[in-house]
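All residue numbers refer to positions in the sequence shown, counting from 1. Note that the coordinates shown come from a computational prediction; the quantities given were computed from them, not determined experimentally.
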Amino acid sequence: MSTTTLDVNIMGQIYTLACPADEQAALKAAVREVDTEMCAIRDMGKVRARERIAVLAALNLAHSLIEARQAAGATSAAAGGQQAAPALDTNDIQTLSELTRQLDDALGAEGKLL
């Protein structure tokens, strides 16, 4: 699997991220979500520090993900399917850990997210 670098813009700052070539579209979609969430938090004017904005955005996005999974599980259960799946499975935790590591690397001097 070939890894390439991709320059992305999050809240007006350029970050260079390493990404497998076949996952660039997914990374770009994730960047759009993170940028939108971070800019919305910044534009509310209550939080100024970039790292606090990043943590709040991560929490908001994780909360949305959990709610979506729970809703999908409830829909499946109502349709006679299985019980609702756990909010985050092992793959999700690994993916979030990897994304956090990549963001920490990209933030560099800005400080670690978590």
Side-chain angles (χ1 to χ4, degrees):
M1 179 182 313
S2 168
T3 300
T4 61
T5 59
L6 185 65
D7 289 335
V8 299
N9 185 330
I10 300 174
M11 211 171 73
Q13 187 166 343
I14 303 297
Y15 297 95
T16 301
L17 304 174
C19 179
D22 61 340
E23 294 182 23
Q24 284 190 3
L27 179 59
K28 287 178 182 179
V31 166
R32 281 191 300 276
E33 290 288 330
V34 169
D35 181 57
T36 298
E37 190 66 30
M38 287 182 67
C39 287
I41 292 168
R42 178 202 59 206
D43 293 346
M44 283 190 276
K46 296 181 181 180
V47 181
R48 308 277 298 160
R50 181 179 295 276
E51 52 275 349
R52 289 188 58 85
I53 291 171
V55 169
L56 291 172
L59 290 170
N60 287 345
L61 293 169
H63 182 259
S64 295
L65 174 65
I66 290 167
E67 283 186 331
R69 289 189 177 211
Q70 288 173 341
T75 301
S76 175
Q82 302 172 346
Q83 289 184 341
L88 296 174
D89 64 19
T90 303
N91 289 334
D92 295 328
I93 292 168
Q94 289 173 345
T95 300
L96 287 172
S97 294
E98 177 61 20
L99 287 172
T100 300
R101 185 195 62 73
Q102 288 179 3
L103 286 170
D104 282 341
D105 290 347
L107 285 172
E110 293 278 336
K112 299 290 185 190
L113 288 176
L114 301 173

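- Under the 4.5 Å side-chain criterion, counting only non-hydrogen atoms from C-beta, H63 is not in contact with L59.
- Here the CG atom belonging to L56 is positioned 11.5 Å from the NZ atom belonging to K46, to the nearest 0.5 angstrom.
- Residues passing the side chain to side chain donor-acceptor pair (under 3.5 Å) test with D7, sequence neighbours excluded: T16.
- Residues passing the side chain to side chain donor-acceptor pair (under 3.5 Å) test with Q24, sequence neighbours excluded: T4.
- Between R48 and I53 the shortest heavy-atom distance is O-CD1, 4.0 Å.
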Using residues 34-41 as the side-chain source, report each donor-acceptor pair under 3.5 Å to any protein atom, sequence neighbours left out, with the distance given to one decimal.
| from | atom 1 | to | atom 2 | distance (Å) |
| --- | --- | --- | --- | --- |
| D35 | OD1 | M11 | N | 2.5 |
| T36 | OG1 | R32 | O | 2.8 |
| E37 | OE2 | N60 | ND2 | 2.8 |

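- Only one option out of T5, I10, V8 pairs with L17 in a side-chain contact (heavy atoms from CB on, under 4.5 Å); it is V8.
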